[in-house]
There are 2 protein chains.
Amino acid sequence: MKKAEATRFSILRKAFELIYTKGYQTTSIDDILATTKVTKGAFYYHFKNKDEMGLAIINEILKPNFAKNFIDPLKNDQDPIELIYNMMYHLLMENEFLKVEYGCPAANLTQEMAPWNERFAKALDELVNQWNKSLIATIEKGKKDGRIRQNVDAKQVTFFVMSGYWGIRNFGKLENNRSVYVSYLKELKNYLNSLR
Amino acid sequence: MKKAEATRFSILRKAFELIYTKGYQTTSIDDILATTKVTKGAFYYHFKNKDEMGLAIINEILKPNFAKNFIDPLKNDQDPIELIYNMMYHLLMENEFLKVEYGCPAANLTQEMAPWNERFAKALDELVNQWNKSLIATIEKGKKDGRIRQNVDAKQVTFFVMSGYWGIRNFGKLENNRSVYVSYLKELKNYLNSLR
DNA sequence: CTAAAAACATACTGAGTAGTATGTTTTGTT
DNA sequence: AACAAAACATACTACTCAGTATGTTTTTAG
């Protein structure tokens, strides 16, 4: 039962890469098979259909990656403002997994699938809610520690910060240049400092 | 030369609606023909191919709409902070053309097309640059009038604000609920006021 | 009114597409 | 080794897609 798991995972990995760069709809199963050297029989042995594979990508590829890069960095007792800024800086400037020209995988999938596939929307919403909760908790902790103003609304700030991230990712796609990230990050720092 | 223009425009209008709700790739020409009651011969008389139609949508549908809702509201001598906030409020809460479940048409197209179609990317970039310039001008004017701090970087703020808008539009898709807009707008107001 | 061009209509093509039917090979269990 | 189930392979189907070939109708200019 080990080789089969490897086959399944290799499909998910490669499919994710193709979908990240090309989009879900425009990535055909034949595309995936061609790059994985897996045959159609194997594919449909592991996945009931394309959508099941898509959901598996969210749950088995995106979710762990999200946890590592969006959640774990906040689990720390440093200054919350710095934690949030550093996470963003890392995501935008240092993470070699996320490419400027292809944006954010979760945002891409949301954009493409959420309006007409409830199951995708729900899976992605769960993903994003984890980030949401972590950010809120980080800010609330900062308020308790006296490092963030008491009249700051953690939920509002979180939506504001998350939106900015998704938006600048889309912007990067358009310009295909990290310079927009630099401007964004500078102003993000100003904004975050205004919460002190 | 009047009826033909009407046919062309009706194709663009209906195609835009379909693309806005379903996406560019997943909107087939046959879909467009079915809803417009135009035949394939007529379609290909007016447009060389699907991509030319897509570009026409950006230039002839999106651009005027963008000018009306994103540019013109800033051409005013009111307080720049209020101008920007009111524009955003109108876009998110009052504009009945833009639906929460379908996000921002320009952002959708950027997400879907920018990485692998240069002409779309360029056309969309022009569109967005106009908004960019208007926002920068608005902020610069505010600085001159003394209504915005002198050490505010207009370009940075503009990227930050635009990103937030695109991001919260994507968020709205996920939750399919304007309540995220409300949180976002409250925090946007806080942020904008911090620029005074 | 007439002829030519503009505007549209119909039927088709060839290349994908997701998914299936029906196999063969590999693996684990006894 | 033997057998069954798991894991994979191949060939196909029914359908959709963008685009074309070849018409017919409508408009416009003289």
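For clarity, every value in this text was computed on a predicted model and none was experimentally measured.
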Measure [atom1]/[X] against [atom2]/[N] and give the value in whole Å, please.
| X | N | atom1 | atom2 | result |
| --- | --- | --- | --- | --- |
| B:Leu33 | D:dT16 | CG | P | 15 Å |
| B:Tyr24 | D:dA18 | OH | C1' | 10 Å |
| B:Asn117 | D:dA18 | CG | P | 15 Å |

For B:Phe16, what residues pass the ring-ring contact (aromatic ring centres under 6.0 Å, His included) criterion, not counting sequence neighbours?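 For B:Phe16 the ring-ring contact (aromatic ring centres under 6.0 Å, His included) partners, ignoring immediate neighbours, are B:Tyr20, B:Phe97.
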
ring-ring contact (aromatic ring centres under 6.0 Å, His included) partners of A:Phe159, counting only residues at least two apart: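 Here the qualifying residues are B:Phe171.
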
Is B:Lys14 paired with B:Glu17 through a side-chain N to carboxylate O contact shorter than 4.0 Å? yes

D:dA6 phosphate, OP1 or OP2, under 4.0 Å from A:His46 side-chain N/O: no

Could you note down all residue pairs passing salt bridge (charged side-chain N to carboxylate O under 4.0 Å, His left out) where residues 108-123 of chain B supplies at least one of them, sequence neighbours left out? B:Glu52-B:Arg119

In B/S/- notation (B base, S sugar-phosphate only, - none; protein heavy atoms under 4.0 Å), nucleotides 9-21 of chain C written 5' to 3' is BBB-----SBBB-

In a table with atom names and distances, give each donor-acceptor pair under 3.5 Å that connects a side chain of residues 73-82 of chain A to protein atoms at least two apart or in another chain.
from: A:Asn76; atom 1: OD1; to: A:Gln78; atom 2: N; distance (Å): 3.0
from: A:Asp77; atom 1: OD1; to: A:Lys141; atom 2: NZ; distance (Å): 2.9
from: A:Asp79; atom 1: OD1; to: A:Arg196; atom 2: NH1; distance (Å): 3.2
from: A:Asp79; atom 1: OD2; to: A:Glu82; atom 2: N; distance (Å): 3.2
from: A:Asp79; atom 1: OD2; to: A:Arg196; atom 2: NH1; distance (Å): 3.2
from: A:Asp79; atom 1: OD2; to: A:Arg196; atom 2: NH2; distance (Å): 2.9

Does anything in residues 172-196 of chain B form a ring-ring contact (aromatic ring centres under 6.0 Å, His included)? List the pairs, not counting sequence neighbours.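 Of all non-adjacent pairs touching residues 172-196 of chain B, those that pass ring-ring contact (aromatic ring centres under 6.0 Å, His included) are A:Phe160-B:Tyr184, A:Phe160-B:Tyr191, A:Tyr191-B:Tyr191, B:Phe160-B:Tyr191.
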
